[in-house]
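Notes follow once the structure below has been shown.
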Amino acid sequence: MDAIDISLKMETDAVEFYTKAADRTDHPVGKKMFLSIADDERRHIDMLNALLKGMHLSHKDVNPMAEIRTVFQQMKDQMQQQVRATTDEIEALTMAMRMEQESYDYYAKMSREAPDPKSRDLFARLVKEEQQHYEIFSNTLSFLTDTGNWFMWEEHSIVDGGTPWA
């Protein structure tokens, strides 16, 4: 198998995993997060297939972090509810982080070794998006497992309630 075939398999596995994780997740924000990432992975499959067919690649300017922020903002009221993550959800996030790290490592290697500029460009773009996916999952895991500290760091507050830049 060559780099594109391996990449297609990784992305297909990711779509399947994130879709199943969304099905098993009860909280609507978690469900939307997993489905959003699955959509990103489907787009990666389309991009890889275009490269495989020698077609011109047109990169849609996508920012997974911005899309997830939109999901969280749209569901802000629901986020105020006490969130109790199940063991399955924690396990899914941990597995997702591992998958994204493996994808990141593989695409970084392929970006360095790709034989042509189009391939290098695509793999470099995938590296960036996989890193953002990892950060999304890591941040979500932090929120679910240590909400108090998560709010402190996300809001950039310090113990006395002030902000470091004030």
Side-chain angles (χ1 to χ4, degrees), residues 1 3-52 57-81 83-111 114 119-147 149-151 153-154:
M1 282 201 336
I4 302 292
D5 291 331
I6 292 168
S7 300
L8 285 167
K9 173 74 171 123
M10 287 171 37
E11 297 294 338
T12 301
D13 289 348
V15 168
E16 182 180 335
F17 176 80
Y18 296 139
T19 302
K20 286 181 181 176
D23 289 343
R24 290 190 313 261
T25 301
D26 292 328
H27 199 281
V29 173
K31 190 175 290 289
K32 277 194 168 199
M33 177 191 62
F34 280 122
L35 291 174
S36 174
I37 301 295
D39 286 344
D40 283 348
E41 305 298 4
R42 283 186 194 93
R43 188 176 39 75
H44 294 173
I45 291 169
D46 292 343
M47 291 164 46
L48 288 161
N49 278 324
L51 182 66
L52 189 61
L57 293 174
S58 59
H59 296 301
K60 187 173 140 188
D61 191 22
V62 174
N63 182 344
M65 290 294 246
E67 290 180 32
I68 292 298
R69 276 189 199 102
T70 301
V71 167
F72 277 75
Q73 292 202 343
Q74 288 172 346
M75 303 186 82
K76 191 174 184 177
D77 292 338
Q78 292 170 339
M79 286 297 294
Q80 300 303 321
Q81 300 170 12
V83 178
R84 287 191 178 81
T86 66
T87 303
D88 285 346
E89 290 165 342
I90 299 295
E91 197 173 300
L93 288 166
T94 303
M95 174 87 64
M97 289 169 57
R98 191 169 35 249
M99 289 171 58
E100 294 300 328
Q101 183 64 54
E102 288 173 9
S103 295
Y104 173 93
D105 292 343
Y106 181 75
Y107 292 144
K109 181 178 188 250
M110 291 301 100
S111 178
S119 297
R120 278 191 297 277
D121 180 46
L122 174 60
F123 286 124
R125 181 167 185 88
L126 292 173
V127 163
K128 180 181 170 188
E129 289 190 30
E130 300 299 357
Q131 180 177 1
Q132 289 183 7
H133 291 167
Y134 180 91
E135 290 170 7
I136 289 165
F137 291 132
S138 176
N139 207 351
T140 303
L141 183 62
S142 175
F143 172 76
L144 292 174
T145 58
D146 194 5
T147 306
N149 275 332
W150 182 88
F151 276 112
W153 289 111
E154 285 303 305

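The figures here come from the full heavy-atom set of this structure, side chains too, leaving out hydrogens, waters and symmetry mates. The first residue in the sequence is number 1, and the count goes up from there.
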Residues in side-chain contact (heavy atoms from CB on, under 4.5 Å) contact with E102, at least two apart in sequence or another chain: R98

Residues forming a side-chain contact (heavy atoms from CB on, under 4.5 Å) with L35, sequence neighbours excluded: A22, K31

Contact between [X] and [Y] at the side-chain level, heavy atoms closer than 4.5 Å - yes or no?
X: L52; Y: L48; answer: no
X: L93; Y: M33; answer: yes
X: F17; Y: T12; answer: no
X: F34; Y: T19; answer: no
X: S103; Y: L126; answer: no

Nearest heavy atoms of A3 and Y106, plus distance in Å: CA-OH, 3.1 Å

Shortest non-hydrogen separation from L51 to S119 and the atoms involved: CD2-OG, 3.7 Å

E100/I37 under side-chain contact (heavy atoms from CB on, under 4.5 Å): CA gap, chis, key distance, verdict: CA-CA 11 Å; E100 294 300 328; I37 301 295; 4.3 Å; yes

Step-by-step side-chain contact (heavy atoms from CB on, under 4.5 Å) determination, D105 to K109: CA-CA 6 Å; D105 292 343; K109 181 178 188 250; over 6 Å; no

Aromatic ring pairing H44/H133, orientation class (parallel under 30°, perpendicular over 60°, tilted between): parallel

Trace of the side-chain contact (heavy atoms from CB on, under 4.5 Å) decision for E41 with E130: CA-CA 9 Å; E41 305 298 4; E130 300 299 357; 3.3 Å; yes

From CD (E11) to CD1 (I45), nearest 0.5 Å: 6.0 Å

Salt bridge (Lys or Arg N to Asp or Glu O under 4.0 Å) between R43 and D40, intermediate numbers included: CA-CA 5 Å; R43 188 176 39 75; D40 283 348; 3.4 Å; yes

Pairs flagged by salt bridge (charged side-chain N to carboxylate O under 4.0 Å, His left out) wherever residues 12-22 is involved - sequence neighbours left out: K9-D13, E16-K20

Between [X] (side chain only) and [Y] (backbone N and O only), is there a donor and an acceptor less than 3.5 Å apart?
X: R120; Y: S111; value: no
X: S138; Y: Y134; value: no
X: S36; Y: K32; value: no

CA sep, side-chain torsions, deciding dist, call: R24, E89, salt bridge (Lys or Arg N to Asp or Glu O under 4.0 Å): CA-CA 8 Å; R24 290 190 313 261; E89 290 165 342; over 6 Å; no

Side chain to side chain donor-acceptor pair (under 3.5 Å) against Q131, all qualifying residues, sequence neighbours excluded: E135

Set of residues satisfying salt bridge (Lys or Arg N to Asp or Glu O under 4.0 Å) with respect to R42, sequence neighbours excluded: D39

Set of ring pair (Phe, Tyr, Trp, His ring centres under 6.0 Å) partners for Y18, sequence neighbours left out: F137

